[in-house]
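Report on one structure; see the data block that follows.
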Amino acid sequence: MENIHTIALAMVKKGKGILAADESNGTMAKRLESVKIPSTEANRLSFRETLFTSPKIKNFISGVILYDETIKQTASNGQNIAELLNEYGVIPGIKVDKGLVPLALCKEEKVTEGLDGLNQRLLEYYKLGARFTKWRAIYNISNIHPSKTAILSNAHALARYAAIVQDSKMVPIVEPEVLMDGSHDIKKCYDVTASVLNECFNQLIIHKVDLKGIVLKPNMILNGLQSGKKNEAKEVAEKTLDCIKKNVPHDVPGIAFLSGGQTEVEATENLNSINKINDTKFMFTFSYGRALQKSALNTWAKNINDKKSVQNVFDARSEMNSLATFGKWNLQLEKKAA
Ligand code: 13P
């Protein structure tokens, strides 16, 4: 029987991960314009439908996070998008936050909005076929950030969101993203991520969220993008695993990382290293946006009618990440797939 525990387990099943195809129209416009394709409703659907109908999607992808526009679109065969995904053995999910707004009185910090009317929107998304949801909070690192206010208010919103979603019989993906930008080192990223996760779980527990029915989507522990330091996969894996072990309760079935601006291969290599040393019961998988779609998008931009080539590239990327969930990926396999 389908319930939030079985859905959460299916989302993080070994060998599979989640495709984050929930870019808002603004973000999608940036992605498409970067490859000189106009961001029309038809083009957004065409690229996404090409990925969703990839021949191997059912082998490597457990779920897809959709955007409001996409879940209401009709595929070229006349099915709605959630039906199409179900037919391909993929669980449909939906981004339900309404994006970032400035956090009042906290310069340069953001809080995520979208709680007003959320239960009503969830009723509609459930009818359309969604069985899980996503809400993303972000935190930036600097000498003075994130503030206590940002850590508390975002954790509170994430927990209220998760409670409302479980009340609607869906699985919330809880995404507290500590951004990569900054000149900080990996230790600072560890400390900030630890405080952020700690407060998130405090709030989730206060709000009575059933931890067996969520999927956590955190960042990996990395050096800041402008630090000039290279990330070593072994160190990333050790620090990420340690941070999760110390700050995430055992009831959480699985952790699906975001890629956050890592290259496709970095994101795969780091996930692989984490799984190689995983001595916990947590399932560690991927919920990547850019790190699953970048090469596919570049291929599509070369010839938007050549669906087969796009699907081959997407399937190969998904397969590399699938191998990484077993700790069985390596550079030779990567070269062969390319
Ligand atoms: P990236 O993997 O591109 O960071 O996107 C994941 C995501 O869902 C961000 O909210």
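Keep in mind that the numbers below use all heavy atoms, side chains included, and drop hydrogens, waters and symmetry copies. Just follow the structure's listing: the first ligand is 1, and inside any ligand the first atom is 1.
- Of the polar atoms of Glu177, none of the N or O atoms is found under 3.5 Å from an N or O of ligand 1, judged by distance alone.
- Taking only nitrogen or oxygen atoms, main chain and side chain alike, Lys217 reaches within less than 3.5 Å of ligand 1.
- Heavy atoms of Gly260 come nearer than 4.0 angstrom to ligand 1 in at least one pair.
- Protein heavy atom in closest approach to atom 9 (C) of ligand 1: Glu175 OE2, 3.3 Å.
- Pairing each heavy atom of Arg44 with each of Asn25, the nearest pair is NE-OD1, 3.3 Å.
- Side-chain N/O atoms of Asn270 and Gln262 include a donor and acceptor closer than 3.5 Å.
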Step by step, work out the side-chain hydrogen bond (donor to acceptor under 3.5 Å, both in side chains) result for Glu199 and Gln203.
CA-CA 6 Å; Glu199 190 54 40; Gln203 292 289 336; 3.2 Å; yes
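- The distance from ligand 1 to the heavy atoms of Arg136 drops below 4.0 Å at these ligand atoms: 9 (C), 10 (O).
- Taking all atoms of both residues into account, the shortest heavy-atom contact from Ile71 to Ile94 is CG2-CD1, 3.8 Å.
- Close N/O approach between Gly261 and ligand 1 is not found [any backbone or side-chain N/O within under 3.5 Å].
- Counting the atoms of ligand 1 from 1 in the order shown, those under 4.0 Å from a heavy atom of Lys134 are 7 (C), 8 (O), 9 (C), 10 (O).
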Give the intermediate values and the outcome of side-chain hydrogen bond (donor to acceptor under 3.5 Å, both in side chains) for residues Trp329 and Glu334.
CA-CA 8 Å; Trp329 170 91; Glu334 185 69 48; 2.8 Å; yes
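- Of all the atoms in ligand 1, the ones that sit under 4.0 Å from a non-hydrogen atom of Ala20 are 8 (O).
- Between atom CG of residue Leu158 and atom CZ of residue Arg136 there is a gap of 11.5 Å, rounded to the nearest 0.5 Å.
- For a threshold of 3.5 Å applied to N or O pairs, the pair formed by Gly289 and ligand 1 contains at least one separation below that value.
- Residues Tyr161 and Thr133 bring a donor and an acceptor atom of their side chains to less than 3.5 Å of each other.
- Atom 1 (P) of ligand 1 has its closest protein heavy atom at Ser259 OG, 3.3 Å.
- Atom numbering of ligand 1 starts at 1 in the shown order; those under 4.0 Å from a heavy atom of Tyr288 are 2 (O).
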For Glu23 and Gln293, run side-chain hydrogen bond (donor to acceptor under 3.5 Å, both in side chains): C-alpha distance rounded to whole Å, both residues' side-chain angles, the deciding distance at 0.1 Å, then the answer.
CA-CA 11 Å; Glu23 297 86 356; Gln293 298 181 81; 2.8 Å; yes
